[in-house]
Amino acid sequence: KNEVEQSPQNLTAQEGEFITINCSYSVGISALHWLQQHPGGGIVSLFMLSSGKKKHGRLIATINIQEKHSSLHITASHPRDSAVYICAVTGNQFYFGTGTSLTVIP
Amino acid sequence: DSGVTQTPKHLITATGQRVTLRCSPRSGDLSVYWYQQSLDQGLQFLIQYYNGEERAKGNILERFSAQQFPDLHSELNLSSLELGDSALYFCASSVAASWSTNEQFFGPGTRLTVL
């Protein structure tokens, strides 16, 4: 049983496209995290949110607590956005999704 | 560069052996987290230390142990290694104890290969 489900698993987009990655969770949480993992393996924390919406540059993250759902949007995608995006939730425990592999083609 | 350092970068060892992975948190961070990332299990939280004390435990095997020293660096000890322990091991740090209100900064990881 997966406490955190992400979709899609893989995503290929043309440069400039608007991208959405979805995350659904089944446990009670105090926060949801979006992480980015580049091909070299390094992980960067993009967002940590417990309600509403956050924006950082071309990235936007939203969360709907009632529906237990979050989305990560990338506007005007660029090849450097190519990475694995991982959703994680924290409550009593720390649970990770399996990640969405994004490839942006020039 | 996150400011979190991990050594070694790569480690190759044999089944049954014991290894120690080291993590130095960002300056000023009191919390250290350990994660395992394998191909079949994805990312998993292992354990968290805050200011020298164990704060939270995840899916850490009994063969694994960790500690955080007075200078705040942390070590993850893996013993009686099995093939399935081959994975990337990440360390992360944050300023305070709560994993829900404090951003974590990840180290570059240690790639462990058990032959």
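Lettering follows sequence order; numbering is per chain, from 1. Hydrogens, waters and symmetry mates play no part in the numbers below; they use all other heavy atoms, side chains included. Just so we're clear, the structure is a prediction, and the values are computed from it rather than from any experiment.
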Side-chain heavy-atom pair B:Leu115, B:Leu83 within 4.5 angstrom cut-off: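 No, side chains not in contact.
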Test item: B:Tyr50 and B:Val32 side chains (from C-beta on) under 4.5 Å apart, heavy atoms: no
Separation of B:Lys9 NZ from B:Arg111 CZ (nearest 0.5 Å): 11.5 Å
Which bit of [X] comes within less than 4.5 Å of chain A, counting heavy atoms only: side chain, backbone, both or neither?
{"X": "B:Asn102", "answer": "backbone"}
{"X": "B:Phe105", "answer": "neither"}
{"X": "B:Thr101", "answer": "backbone"}
{"X": "B:Gln48", "answer": "neither"}

Using non-hydrogen atoms and a 4.5 Å limit, figure out which bit of [X] sits close to chain B: side chain, backbone, both or neither.
{"X": "A:Leu35", "result": "side chain"}
{"X": "A:Thr98", "result": "neither"}
{"X": "A:Ile86", "result": "side chain"}

Parallel, tilted or perpendicular: rings of B:Trp99 and A:Phe94 (30°, 60°):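 Taking B:Trp99 first and then A:Phe94, their aromatic rings stand perpendicular (interplane angle over 60°).
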Geometric class of the B:Phe90/B:Phe106 ring pair [parallel <30°, tilted 30-60°, perpendicular >60°]: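 Judged by the thresholds at 30° and 60°, the geometry between B:Phe106 and B:Phe90 is perpendicular.
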Pairs of heavy atoms under 4.5 Å with chain A: top-ranked of B:Gly109, B:Gly107, B:Ser100, B:Gly42: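 So the answer, after comparing B:Gly109, B:Gly107, B:Ser100, B:Gly42, is B:Ser100.
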B:Arg26 atom CZ, over 12 foreign heavy atoms within 6.0 Å: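 Counting other residues, nucleotides and ligands, CZ of B:Arg26 exceeds 12 neighbours.
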